[in-house]
Each structure stands twice: as structure tokens, then as C-alpha cells.
2 protein chains.
Amino acid sequence: MVTTRNTREDVITAAGRLFASKGYHGTSMRDLGRELGLRGSSLYSHVTSKEDLLVAVVEQGAGHFEASAEAALGSSDTPIEQLRALIAGHVEVLLDRSDAAKTFLYEAESLDDDRRSLIIGARDRYEQVFRDVLAAGARDGTFSADLHPKMAAIFILSILNAVERWYTSDGPLDRNGLEQEIARFVEKSLV
Amino acid sequence: MVTTRNTREDVITAAGRLFASKGYHGTSMRDLGRELGLRGSSLYSHVTSKEDLLVAVVEQGAGHFEASAEAALGSSDTPIEQLRALIAGHVEVLLDRSDAAKTFLYEAESLDDDRRSLIIGARDRYEQVFRDVLAAGARDGTFSADLHPKMAAIFILSILNAVERWYTSDGPLDRNGLEQEIARFVEKSLV
DNA sequence: CCTACCGATCGGTAGG
DNA sequence: CCTACCGATCGGTAGG
């Protein structure tokens with residue numbers, strides 16, 4: 001059996017796992033050490049503080065959603081297809097990067113004020129992408145002209161974020177089916 | 001100035017306030033004592049443990065949602081009006097009993113397995129009310145016949161629960177407007 | 001990455 | 001409802 005020293009990356013990954021499942025306050029540095037097979041105090045050769053770890057995980061999560069939004073916008077010129085790509089991309093971040101995504105969505109409030117503001121800014125920019133696509137669709141006739149883009153964006157993101165709370169890939173609904181159920185429900189509301 | 005001893009009710013109310021804003025793990029018994037103007041250790045004349053407090057708050061939250069669902073079902077015989085009453089009732093529980101409601105929704109996972117199962121059961125029964133109303137509406141032609149009641153119930157509750165994360169009564173949207181925006185978005189999806 | 005430790009804080013008890 | 005305290009655990013540091 002080969003044993004290798006942990007890297008900073010390993011520490012951040014494990015921290016994401018624990019923060020996502022037990023919360024930031026519910027995770028101790030000793031818990032995290034145990035997860036990696038070392039003492040809590042040894043973690044301080046990789047990070048300067050526990051909050052430093054939270055920052056790293058939350059920024060990863062923000063980055064994944066940002067990248068997904070950018071890819072979705074570039075994938076098509078039509079609002080309806082951009083919206084579908086946004087929905088599919090969000091689901092994929094939530095399922096494939098679930099630790100970072102959940103920590104980004106739910107544990108950022110444990111950051112100090114300055115850093116929390118940065119993360120809220122990232123969330124706002126991401127929501128703005130949805131709003132812009134919806135507004136473009138309302139202008140060009142894809143969606144109803146009396147659509148409220150701001151409300152619709154909030155409602156769509158509400159549905160998307162909640163996926164993490166109920167969906168399991170063990171059930172009858174596969175990932176593609178999930179994305180289609182959401183897109184179907186949402187699109188009916190928009191026309 | 002009149003100073004009165006605190007009752008168990010006072011303690012539970014204050015606990016709900018702190019659990020909702022800082023989380024169960026982020027709240028210490030000394031924090032809670034400070035909130036009530038007494039020492040942390042004095043709380044143990046009112047409760048037997050910190051988890052006992054969480055149980056009490058979470059059960060209050062469950063009770064409010066249960067009562068709202070029952071009232072909504074009794075308010076009308078038509079699925080569309082029952083659904084509107086469910087939506088309005090959920091929003092009102094979230095806004096008027098926000099501490100208990102948020103603790104019920106987000107902090108139940110800190111309970112031990114047995115008690116958590118009970119709460120998940122309560123959530124499932126509540127969701128089932130939405131599902132039944134949706135299915136009845138699909139049967140009688142109010143909603144589309146190919147509606148998926150289970151999916152729709154999840155999506156509607158996703159929108160409703162998220163209200164707590166973005167809505168503020170300081171903004172341009174009053175409570176009635178909020179309820180109508182949600183009902184409008186949701187109903188378009190169901191027909 | 002370890003041992004040994006720091007002061008602070010945790011949930012909770014004893015005894016009034 | 002208080003003081004005084006318990007053992008356990010917290011984030012983190014010193015020094016190797």
C-alpha cells in the first residue's frame with residue numbers, strides 16, 4: 001500500500017465533503033484531519049485558518065456556476081436554448097460538484113461580512129444571466145411579453161437549487177429526465 | 001421597569017430566533033441565555049437539553065404548516081382554489097412564523113435519527129397534500145391531464161420554501177403581490 | 001506531518 | 001435563577 005502526503009487540494013476537497021454534509025460549524029478541524037488520516041493540527045501546514053478553507057470551497061462552487069453560465073450563453077443564440085442550457089448546466093454542477101455547490105449555496109453565510117458580500121455578488125451576477133436570457137426571450141416573442149424576468153429568474157433558480165434537497169440518482173428519474181421535467185415545467189410558465 | 005421570570009415558552013421562542021438566524025450548531029446555550037438576560041446554566045430549569053429545544057421549535061414549525069394545509073383544504077372544494085390557499089398559507093407561515101418555519105426546514109437535520117425521521121414524515125405528509133390537490137385537478141380537468149403531480153408538488157414547494165431566502169417586506173412587492181406572482185407562475189405550468 | 005500544549009468555549013450538573 | 005464548576009472539545013501555535 002502506497003501512502004502519499006496530502007496536498008492543499010486534497011484538504012480543500014475533503015473540507016468540501018464535510019462542510020456540505022455536516023455544515024461549516026458542524027465540522028471541526030479534527031474531523032477533517034481524521035478524514036485525511038492525520039491530526040487536526042497538521043492541517044495548518046496547508047491552510048492558515050478554518051475560514052480560509054471555507055473561502056476556498058465556496059469560491060470553487062462560485063467558479064463552477066460561473067463557468068456553466070458562460071458555456072450556456074455561448075452554446076446558442078436563441079433564448080429558449082440558452083435557458084435549457086442554463087438549466088442543464090445548473091443541474092450538472094449540482095450533481096457533479098455537489099460538495100462545492102452546496103457549500104456555495106448554504107454555508108457562505110458563515111463567512112465574515114466582506115467575503116460574504118463577494119459571494120452574494122457572485123450569486124447576483126449568476127441570477128442576472130438568467131434574467132437577461134428571459135428578458136431577451138420576452139422581447140423577441142419566444143416568451144410571453146408580460147413575463148416578469150426578475151420573478152421568473154428567482155422561481156427557476158428556486159426549483160434548480162432545491163434539486164439537491166430531494167433528487168437521488170438511485171430513483172426512477174435519471175439526470176436527463178430530471179432536466180427535462182424542470183425545463184418542461186418552467187417553459188410552460190414562460191410562454 | 002418590571003422584570004418577570006422567563007417561561008419555557010419564552011425560552012423556546014428565543015431559541016427559534018437564534019436557531020433560524022445562526023443555525024443550531026452556531027448557537028450556544030450561553031448565547032441563548034444572553035438573549036433572555038440570564039446565564040446559560042439557568043436554561044436547564046426550563047429544558048433538559050439543547051436538543052430538547054430544537055425538537056420543540058421544529059415541532060412548532062411542523063404544526064404551523066400542518067394547520068395551514070388543513071385550513072387550505074377546508075377553504076374550498078375546487079382544486080384551483082385549494083392550491084391558491086395552500087400557496088398563500090405557506091407564504092404566511094414563512095413570513096409570520098419565520099423562525100419556527102426556517103428551523104423546521106433547515107435545522108431538522110441536526111436531530112438524532114429517530115426524531116429526524118419523524119420530521120421528514122411530517123414534510124412528506126405536507127407534500128402529499130399538494131400532490132393530492134394537483135392530482136384531483138388533473139382528474140377533473142382543471143389542470144392538464146398529463147400533469148405529473150409528484151414533480152409539480154416538488155417544484156411548487158421549491159418555489160415556496162425559497163421565498164425565505166430572497167423576499168423582504170421592505171421591497172416593492174407586498175405579501176399579496178408575492179402570493180399572486182407565485183400563483184400566476186405556478187398555474188401557467190399546470191394547465 | 002507529529003507531539004504537546006494554549007486559552008476559550010462547549011453542553012451540562014451540583015447545590016443552593 | 002445564581003455561582004461554581006466538570007470533562008470534552010474547539011481553533012490554533014510552538015517546536016521539532
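Each chain gets a letter, A, B and so on, in the order its sequence line appears, and its residues count up from 1.
- With distances taken from any side-chain atom of A:Ser49 to the nucleotides D:dG12, C:dG11, D:dA4, the minimum falls on D:dG12.
- Between the NZ atom of B:Lys22 and the C1' atom of C:dC10 there is a distance of 13 Å, rounded to whole Å.
- One atom, NZ of B:Lys50, and another, C1' of D:dA8, lie 15 Å apart when rounded to the nearest Å.
- In this structure, A:His25 reaches neither bases nor backbone, as no heavy-atom distance under 4.0 Å exists between it and the strands shown.
- In this structure, B:Asn6 and A:Thr27 both approach DNA chain D, and ranking their closest nucleotides by distance from the 5' end singles out B:Asn6.
- The pair B:Glu109-B:Arg116 does not meet the salt-bridge criterion, since no charged nitrogen lies less than 4.0 angstrom from a carboxylate oxygen.
- One interatomic measurement links the two molecules: CE of A:Met29 to P of C:dC2, which rounds to 13 Å at whole-angstrom precision.
- One atom, CG of A:Leu32, and another, C1' of C:dC1, lie 14 Å apart when rounded to the nearest Å.
- Between the P atom of C:dC1 and the CG atom of A:Leu38 lies a distance of 5 Å, rounded to the nearest Å.
- B:His46 places a side-chain N or O within 3.5 Å of a backbone atom of B:Asn6 that can act as its donor or acceptor partner.
- Under 4.0 Å is where a charged nitrogen must lie from a carboxylate oxygen, and between A:Arg131 and A:Asp124 no such pair does.
- Remark: P of D:dC1 and CG of B:Asp10 are 9 Å apart, rounded to the nearest angstrom.
- In this structure, the side chain of A:Arg123 engages the main chain of A:Phe104 through a donor-acceptor pair within 3.5 Å.
- The interatomic distance linking A:Leu43 (CG) with D:dT13 (P) rounds to 13 Å, in whole Å.
- Contacts of B:Ser28 with the nucleic acid, taken as non-hydrogen atoms under 4.0 Å apart, involve only primed sugar atoms and P, OP1 or OP2.
- Remark: B:Arg30 is not in phosphate contact with C:dT9, judged by side-chain N or O atoms under 4.0 Å from OP1 or OP2.
- Candidate nucleotides C:dC1, D:dT3, C:dC2 were compared by shortest atom distance to the side chain of A:Arg39, and C:dC2 ranks first.
- The phosphate of D:dC2 has OP1 or OP2 within less than 4.0 Å of a side-chain N or O from B:Ser42.
- Base pairing of C:dG16: its partner is D:dC1, meeting the Watson-Crick or G-U wobble criterion (both donor-acceptor distances under 3.5 Å).
- Note on A:Asp31 versus A:Lys22: salt bridge recorded, some NZ/NE/NH1/NH2 to OD/OE distance being below 4.0 Å.
- Regarding B:Leu36, its CG atom lies at a distance of 11 Å from the P atom of D:dC2, rounded to whole Å.
- For B:Ser41, counting side-chain heavy atoms from C-beta on, the closest listed nucleotide (C:dG12, D:dC1, D:dT13) is C:dG12.
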